[in-house]
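Working notes for the structure below.
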Amino acid sequence: MITRLLRPVSDPAAIDTAAGMLLNAKLVAFPTETVYGLGALALSGAAVAAIFAAKERPATDPLIVHLPGRRWLGRVVSQVSVEAERLIEAFWPGPLTLILPRSAAVPAAVTAGLPGVGVRVPSHPIAAALLRAVDAPVAAPSANRFGHVSPTTAAHVLADLDGRIDAVLDGGPATIGVESTVLDMCGPEPLLLRPGAISRQELADVLGHPVCDSRPSTARADLPQQAPGQLVHHYSPRAEVRLYGHADGSVLEQMRRDAERDAAAGQGEPPAWLLLDEDAAATEGVPGRRWLLGPAGDLTHAARRLYPSLREADEWGAQVVLAHLVPQPGLGEAINDRLTRAAGGRVIGKR
Ligand code: TXA
Ligand code: MG
């Protein structure tokens, strides 16, 4: 299969072409404000099956359904609680996925047989225009091979899926860079399944109470996953990620010592370092190449740079990536969640 690269900046028909392909049950990757998604018609069992095949994704991992707008909700879910309404009002369009009781119209493959379906209305202008042109729900997981780092550019999509999908719509780099927050609204309390671009605090502010936790950092690598999407090994580059605790002088000192010890022992290639701007001085002179994620005080840059840096470290040939947890508030929880999963759930040193 030849994968077409569609460029809305230079081709005014690109979005209509992509919409036509989706309506013909084809697979089209497209940009969203979080990461690139691999889209297919959500209400077509055959189209949805093709997503699982292209990504080599296990049938047990459900897909998020992307809606052109709020008014489509009634087609795919059977019930919307008062709390869900409040969240929708506050955060849609945007990077919040709600798991709500699914309607009979949704193929079982989309939800991996679960009673709830994940839904969101993306805010990215190209995603929004595409969904309007399709005028139907579009299922879209992140457009990467299963388990790999999510793509934030069309080039990342092609690196994973060229020849396996029909087209990719190039909308430049994704704005946020980490995936949507996933909140399960099917039980008695909202349950945070995946921290993401909408923070725990923002959710609590709208709900008037904290959300319950189902964080993968509490999951263990040696146990089966507790809920879909909580696989500990996920969002991983090829290189081994060695993740240290929150940076302070002693953590940076330990990272530096470990790297110097490995270099002295002639162990492997020099490592890739994923660092906040403030850390650069503390690791100066240590072997390896540095990827700077921006200042600790503004994690929007770190969120945007996280996945591209991991991909670049792989391309550079890194065997080991050295990183540490970032400050937790806001986007920090999502970044730390992805770093922890990339490291297989292990954090070295104090947290
Ligand atoms: O930002 C995003 O959410 C991106 C863009 C493309 O929208 N999509 C994305 O999809 O990250 P995916 O499939 O890579 O991750 C969705 C996560 C998975 O971990 C999945 O298990 C969970 O959401 N999920 C989806 N539907 C679910 C359901 N019905 N019940 C429980 N978890 C669900
Ligand atoms: Mg994914």
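As the structure is a prediction and not an experimental result, all values here were calculated from the model.
- Side chain of D166 to backbone of K26: no donor-acceptor contact under 3.5 angstrom is found.
- Of the inter-residue distances, the one linking H148 atom NE2 with S236 atom OG reads 8.5 Å to the nearest 0.5 angstrom.
- Between the CD atom in E179 and the OG1 atom in T152 there is a gap of 10.0 Å [rounded to 0.5 Å].
- Under the 4.5 Å side-chain criterion, counting only non-hydrogen atoms from C-beta, L38 is in contact with L161.
- Ion pairing between R261 and D258 holds under the 4.0 Å rule for side-chain N and carboxylate O.
- Closest approach of T3 to G163, counting heavy atoms only: OG1-N, 2.7 Å.
- Inter-residue side-chain proximity for Y244 and Q254 is flagged as met; some heavy-atom pair is nearer than 4.5 Å.
- Here the closest heavy-atom approach between residue A174 and residue R304 is recorded as O-CG, 4.0 Å.
- A112 approaches P62 most closely through the heavy-atom pair CB-N, 3.9 Å.
- With respect to R71 and D135, a salt bridge is recorded, a charged nitrogen being found less than 4.0 Å from a carboxylate O.
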(Q) Between Y307 and E312, does the side-chain hydrogen bond (donor to acceptor under 3.5 Å, both in side chains) criterion hold? Intermediate values first, please. (A) CA-CA 9 Å; Y307 290 145; E312 287 163 25; over 6 Å; no
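- The closest side-chain donor-acceptor pair between S199 and E202 falls under 3.5 angstrom.
- Residues R120 and T32 have side chains that bring a donor and an acceptor to within less than 3.5 angstrom of each other.
- Looking at heavy atoms from C-beta onward, P8 lies in side-chain contact with I126 at the 4.5 angstrom threshold.
- Interatomic distance, L169 CG to T17 OG1, rounded to the nearest 0.5 Å: 9.0 Å.
- Residues P141 and I64 form no side-chain contact, since every pair of their non-hydrogen atoms from C-beta on lies 4.5 Å or further apart.
- Side-chain contact between V326 and L299 is present, with heavy atoms from C-beta onward closer than 4.5 Å.
- Both cation-pi conditions hold for R338 and Y235: the charged atom is under 6.0 angstrom from the six-membered ring centre and inside a 45 degree cone around its axis.
- Here R311 pairs with D160 in a salt bridge; the nearest charged N to carboxylate O distance falls below 4.0 Å.
- Remark: the N144 side chain and the H156 side chain contain no N/O donor-acceptor pair separated by less than 3.5 Å.
- The closest side-chain donor-acceptor pair between N336 and H246, if any, does not fall under 3.5 angstrom.
- In this structure, CG on L203 lies 12.0 Å from CZ on R86, to the nearest 0.5 angstrom.
- A salt bridge is absent between R256 and D279: the closest approach of a Lys/Arg side-chain nitrogen to an acidic carboxylate oxygen does not fall below 4.0 angstrom.
- Inspection of the T97 and S180 side chains reveals an N or O donor paired with an N or O acceptor under 3.5 Å.
- Using a 4.0 Å cut-off between charged nitrogen and carboxylate oxygen, R57 and D61 count as a salt-bridge pair.
- Of all heavy-atom pairs spanning V110 and A42, the tightest one is CG2-O, 3.5 Å.
- Side-chain contact between S142 and K55 is present, with at least one heavy-atom pair separated by less than 4.5 Å.
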Q: Report the C-alpha distance between D262 and R242 in whole Å, list the side-chain angles of each, state the deciding distance to 0.1 Å, and finish with yes or no for side chain to side chain contact (heavy atoms under 4.5 Å, CB included).
A: CA-CA 13 Å; D262 287 350; R242 288 192 198 145; 3.1 Å; yes
Q. Is there a side chain to side chain contact (heavy atoms under 4.5 Å, CB included) between V119 and W92 once you walk through the steps?
A. CA-CA 11 Å; V119 282; W92 282 8; 3.9 Å; yes
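- In the model, E83 has a side-chain atom that pairs as donor or acceptor with a side-chain atom of H209 under 3.5 Å.
- Across all non-hydrogen atoms, the minimal contact from I335 to A303 is CD1-N, 3.7 Å.
- Note that the OG1 atom of T111 and the CD1 atom of I99 stand 9.5 Å from one another [nearest 0.5 Å].
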(Q) Using the rule given for side chain to side chain contact (heavy atoms under 4.5 Å, CB included), can you reason through V77 versus V117, listing the C-alpha separation, both sets of side-chain angles and the distance that settles it, and then say yes or no? (A) CA-CA 7 Å; V77 313; V117 60; 3.8 Å; yes
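- Annotation: side chain of I88 is in contact with side chain of L98 (closest heavy-atom distance under 4.5 Å).
- Annotation: side chain of I176 is in contact with side chain of P95 (closest heavy-atom distance under 4.5 Å).
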Q: Start with the C-alpha distance between L22 and N24, add both sets of side-chain angles, then the distance that settles side chain to side chain contact (heavy atoms under 4.5 Å, CB included), and finish with yes or no.
A: CA-CA 5 Å; L22 284 171; N24 275 314; over 6 Å; no
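- Considering all non-hydrogen atoms of both residues, A54 and R164 come closest at O-NE, 2.9 Å.
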